[in-house]
Amino acid sequence: MVRQRRSIAEMRCTVCGERTLLNDRWWFRLGRVEEGFFMTTEAPVHRACADYALTVCPHLRGRDRDLERMPGGYQVLSAIVGGPAVERDFGIRIDPARGIIGSLKIAWVQL
């Protein structure tokens, strides 16, 4: 979780961990539309790192059509972990006032 949050918050490549620059910031278009926004927990990647990931990552193999330059105009959102499902599945009651955060998401107005 820490690596995922840091990758999105600092626009770090999810493969090598280095910062991505605007001219070399790519992403795999994986996510879903929620409340009028396209949302993803996928962090950006360098093009060379994406090409490498396409060959070694079983989840990404064959998904080269999902690789594209990362568009601008995004927002970074945080998600509070808690609620009935967490309480039911894990037996943990989380008070949202405590500020416990799950994964970060990148969101665009519906693409």
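For the numbers below, each heavy atom of this structure counts, side chains included, while hydrogens, waters and symmetry mates do not.
Here the straight-line distance linking atom CZ of Arg19 with atom SG of Cys13 works out to 13.0 Å at 0.5 Å rounding. Interatomic distance, Gln75 CD to Phe37 CZ, rounded to the nearest 0.5 Å: 5.0 Å. Expressed to the nearest 0.5 Å, how far CG of Leu104 lies from CZ of Arg6 amounts to 13.0 Å. Note that the CZ atom of Arg5 and the CD atom of Glu10 stand 12.0 Å from one another [nearest 0.5 Å]. Taken from CG in Leu54 to CG in Asp64, the straight-line distance is 5.5 Å, to the nearest 0.5 Å. Here CZ of Arg32 is found 8.5 Å from OG1 of Thr41. Values are rounded to the nearest 0.5 Å.
Looking at residues two or more places apart in sequence or on another chain, you find a salt bridge (charged side-chain N to carboxylate O under 4.0 Å, His left out) between Arg63 and Asp66. Qualifying side chain to side chain contact (heavy atoms under 4.5 Å, CB included) partners for Arg69, counting only residues two or more places apart in sequence or in other chains: Trp26.
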* To do: Begin from the C-alpha positions of Ile106 and Met70 and carry the test side chain to side chain contact (heavy atoms under 4.5 Å, CB included) through to its verdict.
  => CA-CA 11 Å; Ile106 301 174; Met70 190 166 173; 3.5 Å; yes
* Asked: Please walk me through it: do Thr14 and Arg3 pass side chain to side chain contact (heavy atoms under 4.5 Å, CB included)?
  -> CA-CA 8 Å; Thr14 193; Arg3 181 176 160 266; 3.4 Å; yes
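Residues Val76 and Val33 fall within the same hydrophobic cluster, defined by Ile, Leu, Val, Met, Phe, Trp and Tyr side chains chained together at heavy-atom separations under 4.5 Å.
The side-chain heavy atoms of Leu22 and Met11, taken from C-beta on, include no pair separated by under 4.5 Å. Side-chain contact between Leu67 and Arg47: present, with at least one pair of heavy atoms (C-beta onward) separated by less than 4.5 Å. With contacts defined as side-chain heavy-atom distances shorter than 4.5 Å, the pair His59/Leu30 qualifies.
Other residues sharing a hydrophobic cluster with Leu21 under the 4.5 Å side-chain heavy-atom criterion for ILVMFWY residues do not exist; the residue is a singleton.
At distances below 3.5 Å, at least one donor-acceptor pair connects side-chain atoms of Arg65 with backbone N or O atoms of Gly62.
The shortest heavy-atom contact between Arg29 and Glu68 is NH1-OE2, 3.6 Å. Considering every non-hydrogen atom in both Ser7 and Pro44, the closest pair reads O-CD, 4.1 Å. Scanning all heavy atoms of the two residues, the minimum distance from Thr55 to Arg61 falls at O-NH2, 3.3 Å.
Using the six-membered ring where Trp is involved, Trp27 and Trp108 have ring planes that are tilted, between 30° and 60° apart.
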